[in-house]
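Residue numbers begin at 1 in each chain, while the letters A, B, ... track the order of the sequences.
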Amino acid sequence: MAMIINKETLEHVASLARLEITPEEEGPLLGDLERILGYVAQLSSVDTSAIVSKRPAMTELRPDEPSEGLTREAGLGGAPAMRDGFVVVRNVMGGEDE
Amino acid sequence: MTTTIGLEIHVQLATQTKMFCGCSTAFGDEPNTHICPVCLGLPGALPTLNAQAVRLAVRIATALGCTVHEVSEFSRKNYFYPDLPKSYQITQFDRPIATGGSLPIVTERGARSVRLTRAHIEEDAGKSIHAADITLGGETLVDFNRCGMPLVEIVTEPDMQSGDEAYEFLRNLRRLVRWLGVSSGDMEKGAMRCDVNVSVSPNPAKLGTKVEVKNLNSFRSVKRAIDYEEQRQAQCIADGTPIMMESRHFDEVQGTTTAMRSKEASNDYRYFPEPDLPLLQLDPTELESMRAQMPELPWEMQSRFERDLGLSPYDAALLTEERSTAEFFQQTIALYDNPKKLASYMGTEVARLLNERGKTLAETQLTPATLAGLLTMVENNAISNTASKDVLPLLVDTGTTPMEAVRSLGLEQVSDTSAIEGFAREVIAENVTQVEQFRSGKEAVLGFLVGQLMKKSKGKANPKLAGDTLRRLLK
Amino acid sequence: MSSELPRTLEQYRHAVRAHELSAEEYLGETRQLIERGDPQVKAFLHLRLDAARSDARAADPTSPLAGAPIAVKDNIMMAGERCTCGSRILEHYVAPYSATVVQSLLAAGAVVPGKTNLDEFAMGSSTENSAFFPTHNPADLSRVPGGSSGGSTAAVAAGFALGAIGSDTGGSVRQPAAFCGVVGFKPTYGLVSRYGLVAFGSSLDCIGPIARSVRDTAIMMNVMAAHDPRDATSVERPHVDFEATLQPTLAGKRVGIIRELQEFDVQPEIAVAMETTRKAAVSGGASIVEVSVPHILSALPVYYIIAPAECSANLGRFDGVRYGLHEDGRDMTETYSKTRNTGFGTEVKRRILIGAFVLSAGYYDAYYKKAASVRQLITDELEAVFQSVDVLLTPTTPTTAFKLGAVTDPLEMYKADVFTIPANLAGVPAISFPAGKDAAGLPIGLQLMGPRWSDAELLSCANVLFTALGGES
Ligand SMILES: [Mg+2]
Ligand SMILES: [Zn+2]
């Protein structure tokens with residue numbers, strides 16, 4: 001039977017999730033994921049052609065009135081690096097878009 | 001070579017608070033001073049949707065003739081970036097609030113309408129300031145004040161063919177959002193941002209490779225970026241070098257575009273329905289009343305001014321750039337029934353004064369009543385056109401009535417015959433030679449004599465009356 | 001004060017109002033129990049006993065909770081207190097605000113002795129996935145208390161608190177309640193605010209009360225159930241007094257037994273407990289109806305797609321940029337992965353990876369979309385069943401508490417949630433109540449499920465069975 005998830009897929013998914021898989025982790029992790037994904041794949045046999053989603057709708061929206069927020073200290077006091085009120089991170093120019 | 005252009009425009013909605021929290025949307029404050037657990041993505045915080053943002057989005061979508069959907073859905077768009085605190089953006093994907101619609105533009109190809117694909121609501125990310133020197137691995141500074149600002153994203157069909165058309169589209173869209181009070185449309189403050197998709201193809205029948213240029217923050221940049229891409233891609237085709245399907249960055253200084261660093265795997269956004277927000281359901285009766293309350297749109301009013309009032313396209317466009325100006329004009333023609341004259345007077349004298357004062361009409365003391373009064377006095381020869389230029393500043397600055405202004409400046413035009421006859425006799429007595437020349441048939445000399453009379457009357461004499469009187473006395 | 005210490009919240013409240021006992025005195029007793037017992041049980045991640053004492057001193061004896069000690073699971077925000085979620089990535093995180101439920105509890109006179117241990121980010125069924133230490137089952141210290149709210153249930157079982165709150169995404173309140181021999185209630189989704197609960201599976205997460213009697217959970221629900229404008233999934237409902245609506249009988253009630261679940265193997269004593277409880281229901285005036293929920297066994301695979309998918313997005317915010325653990329890398333990509341690799345434990349990583357997989361291009365339709373449809377199918381089937389029965393009776397767990405370290409295979413661990421997960425998928429209320437003990441003297445828990453918004457009726461039915469089986473009325 002064909003594998004659901006291989007090394008490449010695992011690495012792709014890990015990079016999406018910003019997790020790096022150590023060589024030691026890789027083997028066992030692949031085994032676990034293969035078994036879990038194999039197990040949940042049983043749903044493919046359920047006929048859902050007639051199912052209509054019944055998500056509820058919002059009962060109220062928020063009025064456009066300012067409310068008390070957090071001070072910079074309370075909100076970002078735990079940030080690893082701050083300068084002149086900005087949060088400082090490694091340069092990401094030209095990285096992922098917004 | 002045919003160029004095909006589509007636009008994705010983010011318009012910031014003019015609300016008091018952010019899309020999903022009560023933080024202020026004020027621009028230009030100290031970094032990270034409009035923050036709360038929700039827009040900082042603190043653990044445990046949950047989004048609540050701003051009712052006014054929805055209203056404004058529906059308003060713009062309705063004006064653009066979109067189909068506004070009674071039920072729409074929010075989704076999470078997942079990617080990692082330091083200015084995206086939750087690691088996902090709350091946006092709309094499968095079920096946007098509006099689809100379809102169009103916006104008219106006028107270009108060298110004539111009047112056309114650009115079709116819209118969709119309009120959806122979403123939250124903005126924070127602001128990243130990138131340290132100058134990337135190569136030396138500098139730093140990025142992040143301000144979360146902008147994070148969570150309410151946006152409507154408008155996506156066009158690939159219906160434009162030049163930078164000028166894109167420019168026109170943006171100009172007209174900006175006029176509309178300001179007209180409706182939906183957004184300041186201020187690109188400098190990021191209230192309108194634009195991504196362009198440009199593809200050049202040697203074969204008009206088939207599209208070329210789509211290249212995206214991101215985050216253009218002025219109309220000029222949009223035009224420049226498109227113009228550059230047009231020739232760059234044309235060159236590629238000429239050289240037979242392949243055109244990459246990629247996102248490019250526009251360099252304001254060089255006026256060139258450069259490919260962005262490959263986005264790793266981040267272009268797999270793993271959209272899924274936002275579980276923290278149930279479906280957005282709009283009340284059909286509210287939608288209907290919004291449609292009913294929609295004001296006359298700028299381009300509608302513009303063509304009405306041309307068609308019914310016979311204004312020049314230039315004047316009509318000028319008067320419909322700002323809704324307040326257009327309304328001032330309409331209130332004034334109700335009192336002074338000479339649209340063409342009013343239009344040109346507003347376009348010249350009034351416009352010049354506003355420029356000098358650096359004010360908008362609304363900020364001055366000028367009212368439709370006083371402006372109409374002034375122009376009526378000119379029409380009735382109560383004052384000369386020249387004199388009106390001295391009166392206008394008083395109306396603009398002090399708000400006095402034209403009557404008072406004219407009196408205080410002593411500019412009433414003299415139309416009383418006896419007074420003018422007096423001046424005329426003096427002129428005839430003092431200019432014997434010219435009188436002889438006129439009598440011997442030199443018509444042109446009359447102009448000189450009228451000039452003399454005007455001088456004596458310190459410009460107040462009614463020029464026509466002066467001419468007639470002289471002519472009579474010289475018979 | 002009376003020699004006999006109150007054993008339930010209700011008895012406590014009575015004693016305090018009768019001036020036989022003060023909140024401060026009771027907290028003193030509780031403190032001794034904690035200091036004596038918690039080094040073995042390890043229910044708490046952090047204690048705040050000194051602060052709690054002054055809170056107790058200040059507590060209003062006429063308030064709904066009258067200064068009673070209520071423990072709070074460490075994935076629920078309490079301003080000024082650490083909130084670690086049992087994870088390295090939030091080891092030193094201090095909550096800058098309080099969850100709505102915590103505010104309500106404090107306003108109602110609750111005194112919080114400490115924050116309780118849990119499986120990291122509530123992902124687990126044994127509390128062994130806590131990054132700091134496992135919690136032990138007070139009924140047998142060699143066994144797990146269940147999870148993920150193992151700290152809260154152990155605290156209540158061991159007398160470290162009269163009540164506790166936990167979070168229930170797939171059974172995390174009910175399953176440990178069953179293992180520890182206490183009552184655990186998962187309300188209808190939307191009845192109790194999620195604001196301030198660190199999200200795991202947002203469409204499944206519910207905060208629920210844990211106590212020593214059904215009545216006590218009703219007393220807590222009176223404080224916890226309220227519409228919250230800060231949670232868009234919270235629903236405005238007419239006010240109900242959960243305690244006042246408790247009825248003495250099951251007269252006219254129809255109790256359903258799900259045919260498909262009987263195929264599922266359970267520990268023999270649990271099958272016996274089911275039988276005993278059926279009889280108790282009948283003598284309580286109820287009728288027993290066998291019903292069919294054809295796809296109920298698909299709930300487990302559905303859950304292990306939906307919950308990881310939502311968690312993969314919910315846990316993305318732990319990126320070392322604004323708060324929490326930060327491990328510097330050469331660039332942001334490396335900083336992210338170093339931070340998250342160091343900060344997250346194996347089970348959390350496993351679920352994030354499953355979630356990212358089922359949402360990723362090419363797999364979304366086959367996994368996430370399919371699971372969402374089957375979830376709707378199960379919800380519809382349950383709704384249909386509740387046309388013909390008032391409540392459904394099931395075991396809470398297939399087995400009683402297992403030994404620490406006994407279950408190492410993740411898939412095996414997941415199967416401990418087979419009975420509890422359907423209620424989360426359908427958003428219906430469900431309660432686990434003690435129903436005897438097994439041969440080894442370990443508590444057995446049974447579950448009642450009801451239709452959405454039937455929370456008061458469900459508590460009433462559970463109370464009758466619970467007391468009939470010897471629980472505190
Ligand atoms: Mg967008
Ligand atoms: Zn905010």
Side-chain angles (χ1 to χ4, degrees), chain B residues 20-22 32 35-50 74-90 93-94 126 128 130 134 137-140 142 144 147 261-280, chain C residues 75-77 83 85 90 93 95-100 121 190 193-199 201-205 228-235 306 309-310 312-319 321-324 330-333 335-337 340 355-362 364 368-369 372:
Chain B
F20 296 114
C21 65
N32 295 308
I35 53 174
C36 76
V38 177
C39 57
L40 278 182
L42 297 191
L46 295 170
T48 52
L49 181 58
N50 184 333
F74 289 91
S75 291
R76 292 182 179 182
K77 178 183 182 180
N78 298 284
Y79 65 90
F80 283 84
Y81 205 71
D83 61 22
L84 189 73
K86 301 188 297 299
S87 85
Y88 56 83
Q89 175 195 34
I90 304 178
F93 187 57
D94 288 333
S128 291
H130 303 291
I134 309 147
E139 288 169 330
T140 292
V142 189
F144 294 103
C147 189
R261 191 209 305 154
S262 84
K263 300 190 269 161
E264 279 114 12
S266 73
N267 43 12
D268 184 349
Y269 290 125
R270 291 154 290 138
Y271 287 95
F272 72 100
E274 165 58 282
D276 288 332
L277 295 169
L279 297 176
L280 172 57
Chain C
N75 62 345
I76 301 171
M77 296 287 149
C83 189
C85 297
L90 287 179
Y93 185 72
Y97 72 99
S98 284
T100 302
F121 286 105
S193 169
R194 291 186 298 122
Y195 192 84
L197 164 66
V198 180
S202 310
S203 72
L204 305 154
D205 297 339
D228 182 3
R230 290 187 297 182
D231 174 359
T233 62
S234 141
V235 178
I306 302 285
E310 293 182 2
S312 70
N314 284 329
L315 271 58
R317 71 191 60 201
F318 305 108
D319 57 8
V321 170
R322 296 164 321 287
Y323 52 81
R330 275 176 278 106
D331 55 22
M332 271 320 283
T333 310
T335 303
Y336 285 139
S337 46
R340 292 163 62 76
F357 176 87
V358 298
L359 290 174
S360 63
Y364 180 85
Y368 181 86
K369 219 168 192 296

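- The minimum heavy-atom distance between B:Leu40 and C:Tyr323, with the atom names listed, is O-CE2, 4.3 Å.
- For the options C:Arg330, C:Lys369, C:Met332, C:Arg340, heavy-atom pairs under 4.5 Å to chain B are most numerous at C:Arg340.
- Counting all heavy atoms, side chain and backbone alike, C:Glu310 lies closest to B:Arg76 at O-NH1, 4.0 Å.
- The residue among B:Pro278, B:Pro275, B:Pro43 with the most heavy atom pairs within less than 4.5 Å of chain C is B:Pro43.
- For B:Thr48, the side-chain contact (heavy atoms from CB on, under 4.5 Å) partners are A:Arg62, not counting sequence neighbours.
- For B:Leu42, the parts lying near chain C are the backbone and the side chain together; criterion is any non-hydrogen pair under 4.5 Å.
- The contact between B:Tyr271 and chain C is made entirely by backbone atoms, counting heavy-atom distances below 4.5 Å.
- Between C:Val321 and B:Tyr81 there is no side-chain heavy-atom pair separated by less than 4.5 Å.
- How far CG of C:Asn314 is from CG of B:Asp276: 6.5 Å, rounded to the nearest 0.5 Å.
- Contact of the B:Pro37 side chain with the C:Arg230 side chain is not registered, since no non-hydrogen atoms from C-beta on lie closer than 4.5 Å.
- With C:Tyr97 contributing its side chain and B:Cys36 its backbone, the two residues share no donor-acceptor pair below 3.5 Å.
- For chain B, the nearby part of C:Ala309 is the backbone; its heavy atoms alone come within less than 4.5 Å.
- With hydrogens and angles left out, the side-chain atoms of B:Asn32 and C:Arg322 include no donor and acceptor closer than 3.5 Å.
- For C:Ser234, the side-chain contact (heavy atoms from CB on, under 4.5 Å) criterion is met by C:His227, C:Asp228, C:Asp231, not counting sequence neighbours.
- For chain B, the option among C:Gly324, C:Ala199, C:Ser203, C:Ser360 with the highest count of heavy-atom pairs below 4.5 Å is C:Ser360.
- When B:Pro85, B:Ser87, B:Pro82, B:Cys21 are compared by the number of non-hydrogen pairs under 4.5 Å with chain C, B:Pro85 comes out ahead.
- Of the possible donor and acceptor atoms, none in the side chain of B:Asn78 sits under 3.5 Å from a partner among the backbone N and O of C:Ala313.
- Of the atoms belonging to B:Phe272, heavy atoms from both backbone and side chain fall under 4.5 Å from chain C.
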